[in-house]
Amino acid sequence: MWSNFFVQQDEEGRIGVAGAGPGGGLGGLSGMKGGRRRSHKMSDSQEGKIKLAFFVSIVGVTLTVLGVGTEFWVELAQPKNFSSNQTCQAVHYGLWKGCTRTLWVADIDPERTSCGPADLPGESNCTYFKFFTSGENAVIFKKTTNKNLNLAAAILALISLTMAVMGSICITMSLSKGVRFFLKPASFCFIVSGILVLLSILVFHQSVLALLSSDHSIPLHHELSWSVASVGSAGAILIIGGILFLLLSLPFSPWQKCLPHGDSAT
């Protein structure tokens, strides 16, 4: 009788251990893993800081798209009395196309010597550049563009947009997964995006100077327009956003390291 009792207890113990093994044992391991994962997840304050930095970066991305997609990078204008008639011509162009505007001299500020600004009412004729299709240079007021510089500026701007989109995807994944792993790649993408878009402005300005030096028969007044201001602001904002993400990715608070509390300092 006692032998049967011990055998029964032993079998029940084995069944209990076997039942607890895959269910309870793995459940315990999964619970431990879940606890470890939860320990690496962001707190509500960290998530709020990331969302705030992401909002700053999104403003930079929006300004980049606005500047790259518009054709008000530079304005070129003849003297308003160059043609000795009631109209004058001004040209504004960007990375992809240029527009020639015919303006009324009477609408121009009397103190202004050149034709413009380009946003005055008048006839407009816009055409896309052929740098990307047939490889032809554009002729503006008998001056020829340098297609290599124009292409380089456009390519830098496109790469900048691509890096900004990749950074936005990294932040979206970081917020959806609740982990900080993607903050450093996002920081790299946004900082590189800001640097590239600023380089695009420098290269574009060199292309404008090359255009003006190609011919001197027609005097022209040139000035960078609001699209360049938009892109320049975007570059600075993207770099700031990338630095913020880099600081948020650190395992410690840089403010506590640099500015310790008064109690710890004393």
Side-chain angles (χ1 to χ4, degrees), residues 62-161 196-235:
T62 304
L63 290 175
T64 304
V65 174
L66 177 65
V68 171
T70 52
E71 61 275 1
F72 286 88
W73 283 58
V74 67
E75 293 183 11
L76 305 176
Q78 297 176 341
K80 63 180 181 181
N81 297 320
F82 181 78
S83 301
S84 299
N85 54 25
Q86 297 179 352
T87 61
C88 62
Q89 286 188 334
V91 173
H92 62 90
Y93 67 91
L95 299 176
W96 319 108
K97 69 177 181 178
C99 297
T100 302
R101 295 186 59 83
T102 303
L103 309 177
W104 293 98
V105 176
D107 295 335
I108 302 173
D109 187 355
E111 297 182 358
R112 184 184 176 99
T113 59
S114 61
C115 187
D119 55 357
L120 289 176
E123 297 181 0
S124 181
N125 182 20
C126 299
T127 56
Y128 284 92
F129 294 130
K130 298 181 180 180
F131 308 138
F132 312 98
T133 54
S134 60
E136 298 179 14
N137 279 308
V139 179
I140 302 174
F141 293 131
K142 298 183 180 181
K143 301 178 185 295
T144 306
T145 59
N146 188 327
K147 66 178 181 180
N148 293 328
L149 292 175
N150 289 85
L151 283 172
I155 291 172
L156 287 173
L158 289 178
I159 297 176
S160 173
L161 276 177
L196 289 179
V197 79
L198 293 178
L199 288 177
S200 176
I201 295 176
L202 294 178
V203 175
F204 181 82
H205 186 247
Q206 292 300 317
S207 70
V208 174
L209 296 180
L211 170 72
L212 295 175
S213 62
S214 63
D215 184 82
H216 300 281
S217 60
I218 300 178
L220 291 180
H221 170 75
H222 79 283
E223 59 181 3
L224 298 178
S225 192
W226 61 266
S227 294
V228 170
S230 175
V231 173
S233 302

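- With contacts defined as side-chain heavy-atom distances shorter than 4.5 Å, the pair Asn137/Phe131 qualifies.
- Interatomic distance, Leu151 CG to Phe129 CZ, rounded to the nearest 0.5 Å: 11.0 Å.
- Once rounded to the nearest 0.5 Å, the distance linking CD1 of Ile155 with CG of Leu95 reads 11.0 Å.
- Residue Leu103 comes nearest to Leu120 through the heavy atom pair CD2-O, 3.6 Å, listed as atom of the first residue, atom of the second, then distance.
- Counting heavy atoms from C-beta outward, Leu209 and Gln206 have side chains that approach closer than 4.5 Å.
- A donor-acceptor pair is defined here as one N or O able to donate and one able to accept, closer than 3.5 Å; such a pair exists between the side chain of Ser233 and the backbone of Ala229.
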| message | Under the criterion side-chain contact (heavy atoms from CB on, under 4.5 Å), I'd like the reasoning laid out for Trp226 against Asp119: C-alpha separation, chi angles, the key distance, then a yes or no. | response | CA-CA 11 Å; Trp226 61 266; Asp119 55 357; over 6 Å; no
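- Distance check: Asn81 CG to Ser114 OG gives 11.0 Å after rounding to the nearest 0.5 Å.
- With hydrogens and angles disregarded, no donor-acceptor distance shorter than 3.5 Å links the side chain of Trp73 to the backbone of His205.
- Annotation for Ala118 and His92: closest pair CB-CD2, 3.7 Å, computed over non-hydrogen atoms.
- Summarising the local packing, CZ of Phe132 is surrounded by more than 12 heavy atoms from other residues, nucleotides or ligands at distances under 6.0 Å.
- Minimum heavy-atom separation, Ser225 to Glu75: OG-OE2, 3.4 Å.
- No option in Thr100, Leu76, Thr127 other than Leu76 meets the side chain to side chain contact (heavy atoms under 4.5 Å, CB included) test with Tyr93.
- In this model, no donor atom of one side chain and acceptor atom of the other lie less than 3.5 Å apart for Thr87 and Thr102.
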| said: One pair to check against side-chain contact (heavy atoms from CB on, under 4.5 Å): Phe141 and Gln89. What are the steps and the verdict? | reply: CA-CA 9 Å; Phe141 293 131; Gln89 286 188 334; 3.7 Å; yes
| task | Output, in order, the C-alpha distance, side-chain angles, deciding distance and verdict of side-chain contact (heavy atoms from CB on, under 4.5 Å) for Val228 and Val74. | result | CA-CA 8 Å; Val228 170; Val74 67; over 6 Å; no
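- Note that NZ of Lys143 is 8.5 Å distant from OG of Ser213, once rounded to the nearest 0.5 Å.
- The minimum heavy-atom distance between Ser214 and Thr144, with the atom names listed, is OG-N, 3.0 Å.
- Taking both residues in full, the closest heavy atoms of Leu66 and Ser230 are given as CD2-OG, 4.0 Å, listed atom of the first, atom of the second, then distance.
- Here the straight-line distance linking atom CG of Asp215 with atom NZ of Lys142 works out to 7.5 Å at 0.5 Å rounding.
- The shortest side-chain heavy-atom distance between Cys88 and Ile108 falls under the 4.5 Å cut-off.
- In terms of modelled atom types and a separation under 3.5 Å, the side chain of Lys147 and the main chain of Lys130 share no donor-acceptor contact.
- To the nearest 0.5 Å, the span separating CG on Leu211 from OG1 on Thr145 amounts to 6.5 Å.
- For the pair Phe72 and Pro117, the minimum side-chain heavy-atom distance is 4.5 Å or more.
- Minimum interatomic distance between Leu212 and His216 (heavy atoms only, all atoms of both residues): O-CE1, 4.0 Å.
- Panel note: side chain Lys80, backbone Arg112; a donor-acceptor pair is recorded below 3.5 Å.
- By the neighbour-count criterion of 12 heavy atoms within 6.0 Å, atom CH2 of Trp96 is densely surrounded, having more than that number from other residues, nucleotides or ligands.
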